[in-house]
Each structure stands twice: as structure tokens, then as C-alpha cells.
Amino acid sequence: MTYLSYDPIPADLVDGLNPPQRAAVEYRGDALLIIAGAGSGKTRVLTHRIAGLIATREAWPSQILAITFTNKAAAEMRERVGHLLGETVQGMWISTFHSACVRILRREAEKFGYPQGFTIYDSADSKALVKRIVKALEAESLGVTPSHALNRISALKNELIDPDGFARKVDASNPRDQLVLEIYRQYQRELERNRAFDFDDLITQTVWLFRAFPDIAALYRRRFRHVLVDEYQDTNHAQYALIRELTHATPAQHVPADTRIELAADGSIPPASLTVVGDSDQSIYAFRGADIRNITEFEHDFPGAETILLEQNYRSTQNILDAANAVIGNNFDRREKSLWTAEGAGKQIVGFAGFSAHDEAQFVADEIHKLHDSGTNFNDIAVFYRTNAQTRALEEILIRSAVPYRLIGGTKFYERAEVKDILAYLLSVANPNDELSLRRIINAPKRGIGPATVTAISNFANEHDITFREALRRADDLGVGPKLRGKIAELAQILDHAEASIDPQRPTGPVLVSKMLETIIEQTGYIDALRATGNPQDDARAENVEEFINVAKEFDKQHPDGNLVDLLTEVALVAAADDIDDESGAVSLMTLHTAKGLEYEAVFLTGVEEELLPHRMSADEPGGLAEERRLFYVGITRARQVLHLSLAVSRTQYGEASTAMPSRFLDEIPASLIAWRQSPQDVMSRPTLRPTGSSGWGGGERRFGEVRTSNVLEGARGLKEPFNPRRGKRSFDNTVTGAVKDNADLELAHGDRVKHTDFGDGTVRAVLGTGSKRVAEVDFDEVGRKKLLIKVAPLEKL
DNA sequence: TTTTGTAAAGTTTTT
DNA sequence: CTTTACAAAA
């Protein structure tokens, strides 16, 4: 062990760590696997390990490469390492797989004949491209849909199989596979022609780059002597290959001449040290190609690797951990691992079964207010769900109940048509070869250039062997009418002008990116066209465009030396979890997938129903159920103090109501851990659709355990709950609806009697806030106290 | 070419 | 229920 010659690890980096954590910080060797259960302090271990390598002078900051899955996780790690080391953190690469690869690819672009400003296509772009190819091949009639083809292509890329590789192994007698092959070929050809990469390419092309240019690979291997990978259980084969490329030894013949690091006896660069952290119980990205074997076979892949198990949890109460352990214990074929905490049992898990999704959402809203009233900040509360479609009911009720919330992910700002249009202008400037972007903007705003003209331009470009963009410049030769000619030339001129204005060689210096963007918008009249329609939706779109200009301005302010390509890279790689703003006083809403890696004081896990969690789509996938269970496990383990599990026994899909069964996963939690506010039996035995105000089911006719719609309901739930005659008071016969009303002008004051569509009659207790944000606190006769946003509450004054 | 209308299809999770 | 696709009309 050569490390004895280095300085010792400073005590403050290991003090306060438990023995396995400490071992993980101190271990020195080529390969280290840290199996880190949820909440076991893995980020702490990783950051301390990095800091230790620097403090002992075993590594320069520039020799560290730390890889995470989200920018958010990368930013957090950077901040925490910075906290330990100060400025030193600047020289480290702490980034996601994707941004690290983009950085490498942009830097080496010329080596493989790409412009440094190549375009990154998002999933929508890829889909549009595949759609066009599928249509041209009439593949759909043979059962190959665009999404099917896209899935196949993505899976192939994740396995590092290019079109030729696929051609070699494809079943020649299977016409559908032959079609997929042809689509893959054309798709890849199109990407290349546009000088674009899709998301998967970012990883795979970096691997190809390293394999095709061993001398380039050697530069990176020489540089990165310590590679650390977070969430290793979610790596796919391509990412695994990338790690291998970065960490294996470099034979002497490829070692660069000016290498100053210590070489092995045979003149080669020794392998870099690799640390991976993961938890196979939290592997939830198999659908994206994540291969759990990367972690389960790590010791086999890296002989001599050390494995350290972190089981002590510093996040949740024992009750929450007991539930999590019980659930995940139903997955067979896993390395035995059991989370425990030194803190107490904590509160019981709260269960609630609503009649409808709105009913469930109302429970969430009410509980959030209770938590907030007792001192929990809104930003310490999160609501999780399996599918994005579930947000609608939640949002409706949260708005109505005056709960401030933020949607994390979902339909993102950058996916809006108008923002994509503006982005396409910038992409066209950055990468003139990007025909897809040009096609997008050629008639936005409306210039009278329809599909026919676009085809004419495209044909002209093909005939003369020039790019689409160059064809635009030669508008006069296209053989189209004079009016169109003028429009096309104008567009070409606007783009050329924009391109020239940010040229670093420009005599007066390049113009700011935001300035260039403003000029484009002004010259094209994009915003003016939206404002002119008088359609309120278009006004909103115009505002989104203005919002994007602000993003660009902010970028210019934050990155004085940044260029257009940097802005576009940042925009292309923003992920859902990235824009979580911890400072805002708002509840966070997100899917279970986005929740991974995060933690909250109080968690609401909604829609815990059969067909939803586990999702029906998972039923016929191999290992699907186990992955759904892990997803549920991830959700449970995000909670520090309070966990709520809720469901709705009926849910509307495409406007049609359908009944839902409680999830089988609920049965896997010991009954004693859950206190049901309203159990599935309660709600299913409740007479439904009775008019509000009837005495309903509140009396003694309700018998627990009597209504058993399926054996799923037996045992665990409801039966333990003591009968509570008061419950009739806080429940309501009608289900909560999504009804809203424009009440902007309604004046309310203390003592007013009001009538609410869902909650019945009540007395106004207080009115808070002003204008459209006025909130009424009402004591309802039947259902107790609620907070209501007056502007949208279905409320009238009596 | 664009607008307008009607019909059909679609929802798992995401870097 | 929503979004998207395609056809016919302006």
C-alpha cells in the first residue's frame, strides 16, 4: 500500500461516522462498492471520501470525476464538497453522465467531423424524426409504431449495438425486425446529417469515441485517476462501458508523451480507482435499460473489489423503516439488507382511502394544512404519485384549498411549443446543419410557407447537394412565387445576421446571447404575431416566450463568458428534479421516479392502488412487479417523520369512472404500523352518491370487515381501527368534485354564512390575503375547518 | 395554405 | 376527457 506515504486523513473527515461509513472513506484500492441503503448517509460518505483524497494529497482536484444522475444531485455534491474543501472543488468534474459526455464530445467534436455546436435532440425531437421515417416506410401497417421503433432503437443503443451490429444479429425472416433495422439505419443517418445526437447517443458516442481514438481516451484516463459513481444500480450497459473505458489501464503505446503521473513498470498508465455507490433495492429504471447486474456482479467485474454495507438509517423513524423493510422483503433474489435507526419508533403511518381521486386529494390538502398549522414548512412536505396523469385532481384541490405547491417535472417549460420554436431559432444559429430545427421555424410565425414549399426547398437542396440552410439563402433559384421568395430570403437573412452577431471574431465583439435572441424575435415578429390574435391562450404563449428571454438574460448574467452553445447545452440537459427550489415555501409534487434521492419531513404517497402501483403495464414485463415494489419502497423511504399512504376506490380515466382495488403492497405492511383515518372498507361500505347532508353512514350500521370486495382487503387494513362515532362528522357522503367557480368578486367577512358545493354550509372564520389570493378559513357544519381560495371556490354567500 | 371541423386514439416511469 | 390526425372548406 503506497498510501502510507501520504498525509493522514484529517480527523474531522471521519469523526462522527459509523464504522462502515468510516471504512468507506478510508479504503484505498482499485475498486470499492458501497451498498448504501436509503438514508444511510451515502452522500456524506462520498463527499468525505473525495475530500479525504484531496486532503491527503493523494489526488489533485482535477483528477476527480464524480458522476451522478441528475444535475440536482451533482450540484448538491459540489456544494457539500465545497463546504469541506473550499475553492479546491472548482477543478473537479462533478456532473451527470450526460453533461460529462457532452463536455467531452463538444471538446473533441472536430475529431469526428462534427461542429462544436452540434444539436442535442430531446425525446420529442427523436419521436418526430422516427415518425417521419415510419410514415415514409409505411411501417405502421406492419405493426411497427413510432414509439415501438423508438423503444427498440433506444434499447439497442443502450446495449451499444449500432445499425450494422443489429444487422448482423437480426432475424432475417422476421419482417418487423427488418423494418426496425431499416428505421434505425435511416434514423441514425438523419441524426448524422443534422449533426445531432439524441440522449442515448451522448453516452454511446462517447464510448465509440474512446474506442476509435485510443489516444484521446488515454488523455482522459490520465486525467481522471479517481472515478466515483452515484446511483450505480441505475446504470445501463452503455454507462457501464463508459466507466470501464475511463478506468481501465492504458497500454504504454498510447501513453501521451508529456505524462507526469507515476506509470506502472511496463510503462502503462495504471487503472483509475473506482468507487460506486448504489442500492439494488432502489433500482427503478430497468425500462430505461438500467441493468441491475452492473451492481450485483461488481465484485466479479472488478476482482479484488471491496464491498461495504451501510444499513444504519439517519433519516426515518423506525415505523417507516419497518414498513419499508417488510415491503422490500417480498422481493426474492436480493442481497439481505435491513434498515434500522437509533431514533425512536415515531408516529404511525397514516392511511386514507377516498372515494374518488378528488376525495383523496382533499385528504392530502387537509393534512397539509394541519401539518403546516403545527409548524411544518410547506417545503418540507412532498406528494408523490405513480403517473403524471394523477396530478390533475391533486392540483385542482390544492389550488382550491390554497395550498402552495410546485410541480416538479411533468410538462416542462421547455417542452411548450412556443418555447421549442424559440429554441429552434437558437439551434439553427448554433448548428446550421440542423434541418429539423429549420423545418420547425420555417413557418413559425406564419409566413405562408407550407409543406409543399418545404418539399420544394428540400428537393432543391438534394439536387444541388447543398444543405437545407444554403437552399434557403438561394431563394431566388427555388422556382417559387415572388412573395414566398421574399419571405424565405428574409428568414435566411435573419439567421445569417444572428450568426454573425455572436461571432467571437466580430470587430466590435460578440453580442450577448439574450440580445441576439431579442433581435431575432423582433425581426421575425414572433411575439407580435401571438399578441395580434387576441386569443388569451396566445397571450400566455407570448408571456412564455418573454419568460424564455429572461432565462437567456439570466444566463448571460451568470455566465459572462458563456456562449450560445453553453446555454443550449444547459437547456437540453435540465431534468425534472433539477428545478427543486428548497427556498420556496411550497409543497413539492412529483412522480415516484423523480423522488429518488430526495427526502422530506412529511410524505404523501398517493394512488396506492392495484393497476396504478403496481402499474398495470408492469404486469406482463419480466421483473415488473419487483420493480414496482422497489418504486413503492423508494417512496416510503423518502419520509423522515410522517408518512401518509392514500388511495381512491374509484378513479376516472378518459372521463369514465372505474373502480380501483387497494394495492397488494399495502398488505405487505404490518397492520399495526398503519392508522387508517378512513379505511378501504369504510369507504366502500359508504352509501355513495347520496345527497350531501344526509345522515348517511355515520351511524352504527357500518361493520368493519363485513364488506370484502376481495381477499386483498382482509387482514391488514381497517380491522384494527377502533370504531369512532365522531368520524361521521368529518366525512361527507358526496365525493369531493373538481368543481370551480369564478368568485373573484365575492366579498366575505368573519361570521358570514356560506354554502359550498362539496362541503355544505359553514361559517367564515377569517379571511386572509388580498386580491386573487384571498383565502377564506371556513368552519363547515359537517366536515370541519377548511381553507379555501376564494377566487375559485364553488362557494356562495347565504 | 390555412382554418375549421369531426373522428379517433391514448397514459408508466425519464436522462 | 384531452390531444392529435386527417379531411374538407375558405
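A, B, ... follow the sequence lines: proteins, then strands. Residue 1 opens every chain. Because the structure is predicted, anything quoted here is derived from the model rather than measured.
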**Study point:** Validation row, ring centre A/H98 to ring centre A/F69 under 6.0 Å
**Key:** no
**Study point:** Check: A/Y114 ring centroid to A/F197 ring centroid under 6.0 Å
**Key:** yes
For [N], take OP1 and OP2 only and decide whether either is under 4.0 Å from a side-chain N or O of [X].
X	N	result
A/T453	B/dT1	yes
A/K135	C/dC6	yes
A/T591	B/dT14	yes
A/N388	B/dT14	yes
A/N236	B/dT15	no

Review point. So among A/R440, A/K446, A/R439, A/R416, which one has a salt bridge (Lys or Arg N to Asp or Glu O under 4.0 Å) with A/D421?
Key: A/R440
Revision key, fill the gap. The dot-bracket string of DNA chain B, counting Watson-Crick and G-U wobble pairs with both distances under 3.5 Å, using [ ] for crossing pairs and | for pairs to another strand, is ||||||||||.....
Study note, to complete from the structure: From the list A/E656, A/E360, A/E611, side chain to side chain donor-acceptor pair (under 3.5 Å) with A/R651 holds only for A/E360
Check your understanding: To the nearest Å, how far apart are A/E231 CD and B/dT14 C1'?
Key -> 14 Å
Practice item. Could you tell me whether A/Y285 contacts a base, only the sugar-phosphate backbone, or nothing, with contacts defined as non-hydrogen atoms closer than 4.0 Å? Key: sugar-phosphate
Practice item. Within residues 615-623 of chain A, find the residues that approach DNA chain B with a heavy atom at under 4.0 Å, and present them sorted by residue number. Key: A/H615, A/M617, A/E621
Revision key, fill the gap. With sequence neighbours left out, the residues meeting side chain to side chain contact (heavy atoms under 4.5 Å, CB included) with A/A595 are A/F384, A/M590, A/R638
